[in-house]
Amino acid sequence: MFKFELLKTAKDSKARLGKITTNHGEIETPIFMPVGTRATVKTMTPDELKEIGSQIILSNTYHLFLRPGTEIIEKAGGLHKFMNWDKPILTDSGGFQVFSLSDNRKITEEGVHFRSHIDGSKMFISPEKSIDIQNILGSDIIMAFDECAPYPVSHEYIDNSMRRTLRWAERCKVHHKNTDNQTLFGIIQGGMYKDLREISAREMVDMDFKGYSIGGLSVGEPIDLMNDILDFTTDFMPESKPRYLMGVGSPDYLFEAVERGVDMADCVLPTRIARNGTVLTHNGKIAIKNALYKEDFSALDKECDCYTCRNFSKAYIRHLFNVDEILGMRLATIHNLYFLLDMMKNIRESIRGDYFLEYKDDFYKKYGYK
Ligand SMILES: CNc1nc2cc3c(=O)[nH]c(N)nc3c(CCc3ccccc3)c2[nH]1
Ligand SMILES: [Zn+2]
């Protein structure tokens with residue numbers, strides 16, 4: 001089953017409070033979704049993810065199709081069982097990953113021919129194939145197969161790409177049968193061109209998906225351009241359906257997206273930067289390997305009550321990174337994910353209490369944003 005309840009909309013911005021209900025549990029929105037590309041949120045166990053408050057995780061059709069392959073996951077009884085995660089899972093359709101990971105790919109009306117970035121073997125994914133793979137994975141929310149166009153490209157390129165993505169979306173909708181257990185989101189494209197964004201949004205809304213992603217952003221464009229396109233696009237999206245902005249995740253991007261009416265967001269940033277020792281704190285990011293912290297026995301962030309901050313010091317975590325101990329990456333990941341999940345919880349509270357913009361300003365001042 002799938003249900004979205006819009007609980008409240010802010011008076012002084014487009015920020016909204018909502019709740020999604022799926023077969024595997026509820027998701028309070030606005031929500032930040034940790035990315036678990038190869039059936040694991042790197043370095044984290046499912047119990048640790050639950051303990052820090054993760055309500056849903058993301059995984060990837062492209063990566064899992066290549067390794068371990070859909071046959072093994074099918075035999076395991078689907079992705080939830082395979083990775084022992086019993087809460088909601090959202091999978092991407094593979095389009096973005098094909099374009100960002102494999103080269104010498106060929107896009108045709110039928111689908112995308114490409115070479116595996118693992119062993120170079122010839123592969124092909126179509127809208128129907130993407131739906132079939134996501135069906136085997138058994139994720140609760142699945143994405144339509146789309147092309148995330150590069151940036152910058154011509155208006156003509158985006159026009160052709162966006163219209164093909166609309167035809168692919170129709171094929172996904174026709175092909176998607178398992179509608180009780182899996183919910184298909186349409187993905188709005190259109191690059192940085194408002195006329196094309198409007199066409200894509202209106203046509204996708206007419207296809208009546210249960211939720212919509214805003215794709216084609218966070219592809220290297222300046223944040224002001226992304227915010228402008230995002231602000232324009234959400235106005236064409238139905239209030240009663242969830243809006244998922246793909247590929248954001250640093251604190252400012254999340255605040256800006258929520259302010260413009262986004263309910264869901266993902267990003268690999270917090271887990272990726274944690275593994276090289278970059279830690280999010282309320283006073284901005286810190287590089288824990290810095291000699292500055294050699295004898296600093298305080299927590300990573302004095303305001304944080306995550307497992308890492310309750311039990312370990314900067315000096316100890318710096319030591320772990322300096323001697324390449326895996327525990328360092330784990331502790332930094334636990335903290336970065338908790339930091340963003342806790343920030344989203346505070347954002348939800350601020351919408352509930354009608355002080356979202358004030359919370360955003362306070363956060364920005366302390367974090368060191370404009
Ligand atoms: C980092 N920036 C970024 N921009 C994106 C645009 C698109 C887009 O236009 N279409 C699709 N299908 N995906 C996109 C993604 C991947 C998001 C994701 C990653 C991991 C797991 C699940 C989902 C993007 N990521
Ligand atoms: Zn912490």
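Both counts, for ligands and for their atoms, begin at 1 and track the order of listing.
- Cation-pi contact between K173 and F209: present, with separation from the ring centre below 6.0 Å and deviation from the ring axis of at most 45°.
- Between H24 and H80, the two ring planes are parallel [angle under 30°; tilted spans 30° to 60°].
- For the 3.5 Å distance criterion, the side chains of T165 and Q189 fail to qualify, holding no donor opposite an acceptor.
- Using a 4.0 Å cut-off between charged side-chain N and carboxylate O, E110 and R171 make a salt bridge.
- For atom 3 (C) of ligand 1, the nearest non-hydrogen atom of the protein is G247 CA, 3.4 Å.
- Listed for the R310 side chain is a donor-acceptor partner under 3.5 Å among the backbone atoms of D305.
- Scanning all protein heavy atoms for the shortest distance to atom 18 (C) of ligand 1 gives D92 OD2, 3.7 Å.
- Among protein heavy atoms, atom 4 (N) of ligand 1 sits closest to L217 O, 2.8 Å.
- Shown in contact with I187 at under 4.0 Å from a heavy atom are these atoms of ligand 1, numbered in order with element: 12 (N).
- Rounding to 10 degrees gives 120° for the angle at the Zn ion (ligand 2) between SG of C306 and ND1 of H335.
- The ligand atoms of ligand 1 that sit less than 4.0 angstrom from a heavy atom of G215 are 8 (C), 9 (O).
- In this structure, Q189 is part of the shell of residues with a heavy atom less than 4.0 angstrom from ligand 1.
- A donor atom on one side chain and an acceptor atom on the other are found under 3.5 Å apart for H175 and D132.
- Side chain of S93 to backbone of S130: no donor-acceptor contact under 3.5 angstrom is found.
- Just one of F114, F96, F145, F99 meets the ring pair (Phe, Tyr, Trp, His ring centres under 6.0 Å) condition when paired with Y62; it is F114.
- Evaluated by nearest non-hydrogen atom to atom 15 (C) of ligand 1, the leading choice among F96, Y253, Y244, F99 is F96.
- For the residue pair T45/D47, the side-chain donor-acceptor check at 3.5 Å is not satisfied.
- Numbered from 1 in the order shown, with element, the atoms of ligand 1 that lie under 4.0 Å from a heavy atom of S93 read 12 (N).
- The atoms of ligand 1 that sit less than 4.0 Å from any heavy atom of S218 are 1 (C), 2 (N), 3 (C), 4 (N).
- Near G216, meaning under 4.0 Å from one of its heavy atoms, ligand 1 places the atoms 6 (C), 8 (C), 9 (O).
- Rounded to 10 degrees, the SG-metal-SG angle spanning C304 and C309 at the Zn ion (ligand 2) equals 110°.
- S121 and D119 share a donor-acceptor pair across their side chains, judged by distance under 3.5 Å alone.
- Any N or O atom pair closer than 3.5 Å counts here, and T37 shares no such pair with ligand 1.
- The closest heavy-atom contact to atom 8 (C) of ligand 1, among the options V35, D146, L245, L58, comes from D146.
- Counting heavy atoms under 4.0 Å from ligand 1, residue N60 touches it through the side chain alone.
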